[in-house]
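Below, all heavy atoms of this structure are taken into account, side chains as well, without hydrogens, waters or symmetry copies. Chain letters run A, B, ... following the sequence lines, proteins first, then strands; residues in each count from 1.
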Amino acid sequence: MAQTGILTRPAVGAAPQSTLTLVRAAIIVVLLAAWELLARSGLLFQDVVPPLFNILSAMGRLLMEVSFYQNLWVTAVEVFFALAIGGLAGIVVGILVGGSPFLTRAYESYLYYLGPTPKIIFFPIMIMWFGVGSGSKIAMGALSCFFPVALSATAGMQQIDKVLIRVGRSFRASTIQMVTKIYLPAMLIPMVNGLRLGFGVAIIGVLLAETKLSNQGLGYLIIQSYTQFNMPQMYAMLIIVFILAAVVNAAFGRLGDRSVSRQKRTT
Amino acid sequence: MDTASPPSLRTSQNPETKTGKPLLVIDDVVKQFATPEGPVVAVDHMSFAVEQGEFVAIIGPSGCGKSTLFNIVGGLLGGYEGNVTVAGERVSGPHPAIGMVFQEESTFPWRTVLDNVAFPLEIQGVPKAERFERARHFIAMVGLNGFERRYPAELSGGMRQRVSIARTLAFEPKILLMDEPFGALDEQTRLLLGDKVLQIQQELKQTTLLITHSITEAVQLSDRVVVMTYRPGRVKRIIDLDLPRPRSSEVVSSEAFGRYVAEIWGDLREEASRGMHDSEAQSR
Amino acid sequence: MAKDLRLRSLRFGPELTGAATLIGLFVLIEILIRIGVINGYIVPLPSAVLASFGRVIAEEGVLQRFLVTMGEALIAGVLVTIVGVSLGVLLYKITILRRATETWIAAFAAAPIVLAYPLFLVIFGRSALTISMMGFVSGLAPVILKTLEGLLGVRPTLINVGRSFNLTPAQQFWKVQFPAAVPAIFVGLRLGLIVALINVVGVEFLINFGGLGQLINELAERYDLPGTYAAICFVILISVCFFIVLERVEKWLRPAS
């Protein structure tokens, strides 16, 4: 029985790190070369696939303009508040719903089934309620990120080792102390994941709203490149946004990993 | 087996105590649970007392209601008849004079050993420097100095239980209530930790109520043993142990030790076999 | 009898409470609007929204729009399934490629793909193709990842069973590995398809083209408040139903879990 493992995977460790790097580099080079060829071939409508140099110089220009950073700031602030509001609401609801079996049965399904729905369609309502400025964008982001955070918090509460709650009660901790010193730390690992997802959808919510109706923010810059048919700038903007999103995502991932390693049993 | 009871083996059924200074009094406690098959009595008119500085062990077969009693005395379980009083004050909810050590793993995995042990002091609002100093004292008392900065995940099961004990001691409770704290550990670790607990109890003159299913543990550690019947849980016998104080794990090789263990097993055997028959009947 | 009813209602007590809270909320909003606490110009009467359902369905060709959206979602879904599973299988077979690209695909899965819709607009124009493509690209990553996970996670014992029957590599793959991976693959499909649908509707709204998403946009631009709310409710309802259907199919595929 112990021998059965060898058959499934091709020899593990056959490819050392250097080969991997080589393969990755090769893939990148091939893709970039193909891109460049397509760009210069004249096959597609002009500038739909701009030459790489144009994209890079557009990126350079963007990063040197003050207005880019002003727009970046607007978006960053909006995403921050969206995550703060939606995240806080999600955590509170999650703790309440997850902490009581009755409330879990009553409300968890609503969170679960209403989560995977398109939220951008609520944008007209948000505009009505919060105006055409940042308010509606923040609301959009908050609505989007509420659900994954609430669901993670609910699940997080349910997986807390019940004995830890009894420890807190036996030491007569107040409700606030129970929440801050026991519930939240015990839920940290699932919560970090929930916040990571929440952040992802908050970005989408805010930026899509900016592309639809706004005169500031990164989303606005993207749609502006579209209306001006400045394709190199559009590609540059998209690359920048994706990199920013990836960086924050990785940061959340690191946080989660660190917490996990501390709590992983070694004996 | 020596059947003649040594003159020092006194037994009693009532809560009167040797010195008359009861700290914890369990008076006629009855606890029922509603089940689909009808009400089940877990604890049936139990009465006994624990004096200041005494170490009392409660022993009974699995399923006899020991843990129910543990939760009632600790204030985590209500809805019972009778009284549980600490220094005259009725227990209704977790009492500041009672500290609990649980059977399961209960250290906070996200806190270091020092933060774990300082937890009750943190709850009480003791300032940082002071609570860390007091926590270190108890960490040393359980023999874990040097491990303050470690996380529970890095420690063995026995060490984690020591952290839990140190944490409860840091609470400085008048009464230490323990529910099979060494249940998950191997025999040798149990004996050694038992030694530690004896040391601590003797140093602090800590009033202790230990719930256990191990006869040797009960006799090794306590002054008196309360033997419980199988469901419904009642006091079958209370046995005073005339074993030396201060004590160490060497006591397990003494003759008196063996006699007490045999005596208690005699009481316990029929309860334990009733318990076994019940669980076999349920599994069919 | 009465005791039975009481027990039954206790059993569903929590669920009923949940539903009751929701209905109670709507009733509360209705009352608050009628007495003027909430501005009826920004929040329409729930009763008005309910009433407009019929009107919207009849006048706005909801059925045709629904079919358009479903058509776009279907194309996206089929593409996601075929391309996603195929790429998953490909990466399973070619280890070096998999190990080189694993982290990239994970990053791809977490990336806000839908933000690139203006790009797709340029490439494919303001058309149903853009919408389908958008749905396809955003739903792709989870399918690839879960397919890989499923294939890599096949229990070694099952592989050995195949070996003991002297199966060829092709037989081994099609008769043992792939079927064993199907439950995991379907989890991926559920994730990918729902993301695809969400993005299809979302992009319809954003580019004001297509079926239901466009309907919401139109009604909003016409300031038909009850209609907009009704259309939004309708779309949410459809997403929820779609999700439930996918869940049922998934459960049917893995009866053991």
Practice problem: List the steps, then state whether side chain to side chain contact (heavy atoms under 4.5 Å, CB included) holds for C/L206 with A/F123. | Solution: CA-CA 10 Å; C/L206 286 165; A/F123 193 44; over 6 Å; no
Self-check item: Verdict with reasoning, A/T211 to C/Y117, per side chain to side chain donor-acceptor pair (under 3.5 Å)
Solution: CA-CA 10 Å; A/T211 63; C/Y117 83 87; 2.9 Å; yes
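- Heavy atoms closer than 4.5 Å to chain C are found in both the backbone and the side chain of A/Y112.
- Of the two parts of A/M231, only the side chain, counted from C-beta on, holds a non-hydrogen atom closer than 4.5 Å to a non-hydrogen atom of chain C.
- Proximity to chain C is limited to the side chain of A/Y110, based on heavy atoms less than 4.5 angstrom apart.
- With a 4.5 angstrom heavy-atom cutoff, A/I27 touches chain C only via side-chain atoms.
- Within the 4.5 Å cutoff, no side-chain heavy atoms of A/L103 are placed close to those of C/T17.
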Exercise. Take A/Y107 and C/E15 through the side chain to side chain contact (heavy atoms under 4.5 Å, CB included) test and state the conclusion after the steps.
Key: CA-CA 8 Å; A/Y107 297 112; C/E15 286 85 353; over 6 Å; no
Practice problem: Step by step, work out the side chain to side chain donor-acceptor pair (under 3.5 Å) result for A/K212 and C/N217. | Solution: CA-CA 11 Å; A/K212 182 78 178 163; C/N217 200 36; 3.2 Å; yes
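- A/R105 places no side-chain N or O within donor-acceptor distance of the main-chain N or O of C/G18, the cut-off being under 3.5 Å.
- For A/L238, the part sitting under 4.5 Å from any heavy atom of chain C is the side chain, from C-beta outward, and nothing else.
- In this structure, C/I232 CD1 and A/I125 CD1 are separated by 3.5 Å, a value rounded to the nearest 0.5 Å.
- For A/V241, the part lying under 4.5 angstrom from a heavy atom of chain C is the side chain only.
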